[in-house]
Amino acid sequence: MRLSQAWIVARHDLGMIRRRRTILGALIALPAGVSLGFPLLVWYIIAQSPGVGDAVIISFVDAFAFWFAIGGVMLPSSISAYSIVGEKTEKSLEPLLATPTTDGEILLGKVLAAFLPTMIAIWAGAAVYMVLIDEITRGTLGYLYYPNAAIVVLLFALAPIVAVLAIEISVAVSSRVQDVRSAQQISGVLFLPFILLYVAAEIQVFPLDTDHLLLLAGILGLVALVTFRICRRVFDRETILTRWK
Amino acid sequence: MIHTEGLTKQFGPVTAVDHLTLDVQEGEVFGFLGPNGAGKTTTVRMLSSLISRTSGSAEVAGHQIGDPSAELQLRHQIGILPENVGLYESSSAYENLEYYGQLQRVEATALRQSIERLLRMLDLWEKRDQPVATFSKGMKQKVAIARALVHDPVLLFLDEPTANLDPEASKTVREFILELKRERRTIFLNTHHLDEAERICDRVGILNTRLVTTGTPGQLKLGMSGRRTVAAVDGPMETMAAAIRARLGDRRIEIQGGSLIVDVSDPDRDNPEIAAAIVGAGGRLRQLTQVSASLEDVYLKLIHEGASPA
Ligand SMILES: Nc1ncnc2c1ncn2[C@@H]1O[C@H](COP(=O)(O)OP(=O)(O)OP(=O)(O)O)[C@@H](O)[C@H]1O
Ligand SMILES: [Mg+2]
């Protein structure tokens, strides 16, 4: 596995993605919405009910931050569906496979092309979110809530793992479908459990503290490992050329 | 350059290529002919190590196919024009070639020069920055051939380079292949077009799951029971045909309008006999012409009989 070869693939796909307005739009709009909209909501809650307790504020802030993990589900699958199903509909995979690049290098390139913009968008959005939340809650809480251990786990363990998992699933899905939109929709199913988790957090069933986030990251990490093996099997030169429909 | 021995590919119960044994020399343009589903594409994919073989062996450009350690080297030395051009439609011609050149590890300056040389040869240099989506089919095909050449491979596989092109576009693509031939490149050309094979190829092979025959187009045409003589005549056709058979022995004689088409093995010996037979049967000979079998005749005969000539 040569990283430099994978990087040629990734750089090319990043270039292609840059031309897609919808993908670019999602990469900007989603983190921007979360990092600006939710702090505004927190500010509104504090302004409207001055007596609100610290615990309530914190539970809101934590739950809203979970959207950066949800972003890890939503953003990369639309990119990787495009970069794989797109090649499939243009039939450009065969010439690509005919170059001295291994299947693993191509796959890694495609994973990177979806992973990097996603993480940059999430981290940039999260930075803005943390600054704004600190600014808004400092008066009420009496200390700076961010950065804290939970957000570190969320941004550097959970979100990347979730993004990798989402990419793997969209690779597997991409091998079976004919158009980019259905690939995105099917991969989007992964979005549901995360919304459920989010709701569970909001109603305090599954608090999104450091321990729970670590547990979640661990479980999803294992799932991602299993999915990786499926992915490698699906993304095999011969399978792609003779069995992908 | 290519040497295969008993190369076989099965897809489940379907045998796509059956015990192919074949040699292609360096600097040769080899035409691979065969009907739809004959296994031409499958052969090219095996030889370029895109798919595995079921059994048999093949050495391509000095590398054994199926040897994982040689696979990357092999793909570095060959260029492929696949059945579907598979260009990135939203990228320009230049970007398409650049990407493949980078994947082939061509050094940046050399790559720029190579792209410019190829696009100029193909009359596409002025259009290099336009998205490929705006190109005609013929232009796309040319870009795809250039893509296969950007790293200066020693061996080129072209899978039906003129399929679905109009006559004019076919002609430009064919002329480009002839130019590559002048550069002494080894080319393995899959095609349905017999006239194309006849004009371009040094040697052809006819495949119908099994390899039916190989040879130069000339050899194949000669190998097919010689040639035919067309006699334009007036008179009783059946009587004349019988008279010819009486002199030359039993053979195929077609009656087409006012012509008798006679299979001959040695025209110098047979034609005077034909003339004499016609006159003897009370006919009038207006014209006697010699036609040699076309590659198409050979092809159709071999494909239908599944037998090899002589
Ligand atoms: N992925 C596959 N799965 C199953 N069978 C296949 C597959 N690819 C090819 N075949 C079968 O193998 C045989 C040879 O196919 P191939 O595409 O090599 O023929 P071809 O000579 O290139 O035909 P064409 O002139 O139509 O391009 C056919 O019977 C085809 O149905
Ligand atoms: Mg074919």
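Quick note on labels: first sequence line is chain A, next is B, and so on, each numbered from 1.
Around NZ of Lys181(B), the count of heavy atoms belonging to other residues, nucleotides or ligands within 6.0 Å exceeds 12. Shown here is Glu26(B), whose CD atom has no more than 12 heavy atoms of other residues, nucleotides or ligands within 6.0 Å. Arg11(A) CZ: more than 12 foreign heavy atoms inside a 6.0 Å radius. Within a 6.0 Å sphere centred on CZ of Arg210(B), heavy atoms belonging to other residues, nucleotides or ligands number 12 at most. Around CZ of Arg120(B), the count of heavy atoms belonging to other residues, nucleotides or ligands within 6.0 Å exceeds 12.
Here the side chains of Leu96(A) and Tyr88(B) are in contact, with some heavy-atom distance below 4.5 Å. Between Pro100(A) and Arg105(B), the closest side-chain pair of non-hydrogen atoms is not below 4.5 Å.
A donor-acceptor distance shorter than 3.5 angstrom exists from the side chain of Glu90(A) to the backbone of Glu89(B), with no hydrogens or angles considered. Distance alone, capped at 3.5 Å, is enough to place a donor-acceptor pair between the Gln5(A) side chain and the Leu103(B) backbone.
With rounding to the nearest 0.5 Å, the separation of OG in Ser92(A) from OH in Tyr100(B) is 5.5 Å. How far OG1 of Thr239(A) is from CD1 of Ile51(B): 11.5 Å, rounded to the nearest 0.5 Å.
Of all non-hydrogen atoms in Thr242(A) and Phe11(B), the two that sit nearest each other are CG2-CE2, 3.6 Å. In this structure, Pro82(B) and Pro95(A) approach most closely via the heavy-atom pair CG-CD, 4.0 Å.
Within the 4.5 angstrom heavy-atom criterion, only backbone atoms of Ser49(B) (N, CA, C, O) approach chain A. Contacts between Glu87(A) and chain B at a heavy-atom distance below 4.5 Å involve the side chain alone, from C-beta outward. With a 4.5 Å cut-off on non-hydrogen atoms, Arg2(A) touches chain B through its side chain but not through its backbone.
Per-residue heavy-atom pair counts under 4.5 Å with chain A were compared for Ala148(B), Ser48(B), Ser52(B), Gly79(B), and the maximum is reached by Ser52(B). For chain B, the option among Leu97(A), Leu93(A), Thr89(A) with the highest count of heavy-atom pairs below 4.5 Å is Leu97(A). Contact count against chain A (heavy-atom pairs under 4.5 Å) is highest for Arg75(B) among Gln73(B), Arg75(B), Glu98(B).
Arg19(A) and Glu95(B) are joined by a salt bridge, as a carboxylate oxygen and a charged side-chain nitrogen come within less than 4.0 angstrom of each other.
Between Arg45(B) and the options Glu94(A), Arg237(A), Glu238(A), a side-chain contact (heavy atoms from CB on, under 4.5 Å) holds for only Glu94(A).
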